[in-house]
Amino acid sequence: MPELPEVEVVRSGLAPALVDATVSAVTVHDARALTRHPGSVDDFEQSLRGAHVVAVCRRGKFLWMPFTPAGGSNAARAVVAHLGMSGQMLLRFSGAPVERHERIRLDIDHPHHGALAVVFADQRTFGSLALDPLLPTTDAAPGGFGADEATVPAQVAHIARDPLDPALDETRLRRLWARKRSAIKRVLLDQTVISGIGNIYADEALWGARIHPETPADALSARHVTRLLAEIRAVLDKALAEGGTSFDAQYVNVNGQAGYFAHSLHAYGRTGAPCHRCGRPIARVSFMNRSSHFCPSCQRMPRTR
DNA sequence: AGGTAGACTCGGCAGC
DNA sequence: CTGCGCCGAGTCTACA
């Protein structure tokens with residue numbers, strides 16, 4: 001479940017079951033799911049066993065769960081999760097059968113919900129879990145959505161705040177965009193500039209703002225940027241409200257249910273279909289080893305800024 | 001084919 | 001003008 005809305009669906013699904021839960025057992029079925037964990041598999045299992053989960057947080061497409069270790073008192077580390085292309089976090093009853101592509105299972109005890117299993121399943125193994133130290137944020141604001149503390153895991157420190165984060169520095173963002181000569185779509189996908197946007201929502205936001213994906217970022221007027229930011233937030237909010245985009249069974253919430261934003265797409269995956277604004281066919285071009293979908297008629301390159 | 005990180009190249013640029 | 005290093009930008013690859 002990759003982009004911001006899909007990851008937020010997972011975060012908000014995990015939070016009620018995980019906040020205040022204690023990890024009773026850790027089972028690593030496949031060590032490839034720990035490629036980003038700095039220590040050994042044993043270290044992962046032992047460090048987490050008995051841990052008390054404090055929060056479930058998200059910045060862009062990264063999730064993390066600060067925890068206090070068994071017998072400890074302060075949350076200095078977090079479980080960091082990235083779903084990659086095909087990762088899932090599933091909530092199951094305790095003792096539920098092993099899932100297809102299950103990589104790691106955390107058995108937890110929650111004061112209200114009792115014994116549960118949190119399953120990290122991942123068909124393509126591009127996703128991962130890791131334990132990572134928490135570092136103070138540079139702006140002293142909470143690390144991300146769901147976070148009270150002004151900390152982020154080390155692996156997330158280079159990731160910019162996302163469009164739904166109240167602490168997003170819009171002045172900095174505008175300055176960065178105004179300085180970049182690269183295509184705006186490339187810049188939207190750069191997670192160190194603004195995070196959470198992937199191929200689907202980049203195409204959707206650019207369609208909404210009527211901006212050609214190959215427009216140099218520094219050619220956008222202040223008005224264009226304002227419109228683009230508004231479209232980004234609108235499309236992410238709407239997708240979140242609809243449970244995310246699910247093209248197949250990989251993209252599901254913690255209960256295995258699909259979202260239905262795929263029905264609301266205007267550009268992504270609609271090659272040759274009529275533009276919902278002007279009726280002309282949506283084009284698809286190869287871009288950065290992936291594809292861009294846009295309306296050549298209503299998404300024109302601005303000539304000046 | 002919805003993602004990220006790392007290795008690599010290329011060009012521009014500042015300084016010597 | 002050459003060599004050097006750094007930086008940003010872009011491309012490719014790895015991971016199934």
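Residue numbers begin at 1 in each chain, while the letters A, B, ... track the order of the sequences. These figures come from a predicted structure and were not determined experimentally. Just so you know, these numbers use all the heavy atoms, side chains as well, and skip hydrogens, waters and symmetry mates.
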Using a heavy-atom cut-off of under 4.0 Å over every strand shown, decide if H158(A) touches base, sugar-phosphate, or nothing.
sugar-phosphate
Salt bridge or not between D203(A) and K185(A)? Use side-chain N to carboxylate O under 4.0 Å.
yes
T125(A) side chain: which of dC15(C), dA1(B), dA5(B) is closest?
dC15(C)
Integer-rounded Å distance: dG10(C) P and K185(A) NZ:
15 Å
Parallel, tilted or perpendicular: which fits the ring planes of H276(A) and W207(A), with parallel below 30° and perpendicular above 60°?
perpendicular
Does atom CZ of R49(A) have more than 12 heavy-atom neighbours from other groups under 6.0 Å away?
yes
Considering every strand and a 4.0 Å limit on heavy-atom distances, what is the contact class for Y268(A): base, sugar-phosphate, or nothing?
sugar-phosphate
Heavy atoms from other residues, nucleotides or ligands near CD of E45(A) exceed 12 (cutoff 6.0 Å)
yes
Rounding to an integer number of Å, can you tell me how far I197(A) CD1 sits from dG3(B) P?
11 Å
Between D190(A) and T192(A), is there a side-chain donor-acceptor contact under 3.5 Å, judged purely by atom types and distance?
yes
Between P of dA9(C) and CZ of R181(A), the distance in whole Å:
9 Å
Tell me, do V56(A) and W64(A) make a side-chain contact under 4.5 Å, heavy atoms counted?
no
Measure CG/N289(A) against C1'/dG10(C) and give the value in whole Å, please.
11 Å
What nucleotide, of dA9(C), dT4(B), dA1(B), holds the atom closest to the side chain of S182(A)?
dA9(C)
Tell me what D190(A) touches on the nucleic acid: a base, only sugar-phosphate, or nothing, going by heavy atoms under 4.0 Å.
nothing
Closest approach to the side chain of K180(A), judged atom by atom: which nucleotide of dA9(C), dG3(B), dA5(B) is it?
dA9(C)
Determine which bases of DNA chain C form Watson-Crick or G-U wobble pairs with both distances under 3.5 Å, and write the result as a 5' to 3' dot-bracket string with | for other-strand partners.
....|||||||||||.
Mind checking if D122(A) touches a base, just sugar-phosphate, or nothing, with heavy atoms under 4.0 Å?
nothing
Please report, rounded to the nearest Å, how far the P atom of dG10(C) is from the CZ atom of R186(A).
5 Å
Closest of dA16(C), dA1(B), dA5(B) to the R32(A) side chain is dA16(C)
Rounded to whole angstroms, how far apart are CZ on F126(A) and P on dC15(C)?
9 Å
For the ring pair F294(A) and H212(A), is the centre-to-centre distance below 6.0 Å?
yes
note: L83(A), atom CG; dT4(B), atom P; distance rounded to Å ~ 10 Å
Q191(A) CD - dT4(B) P separation (whole Å)
4 Å
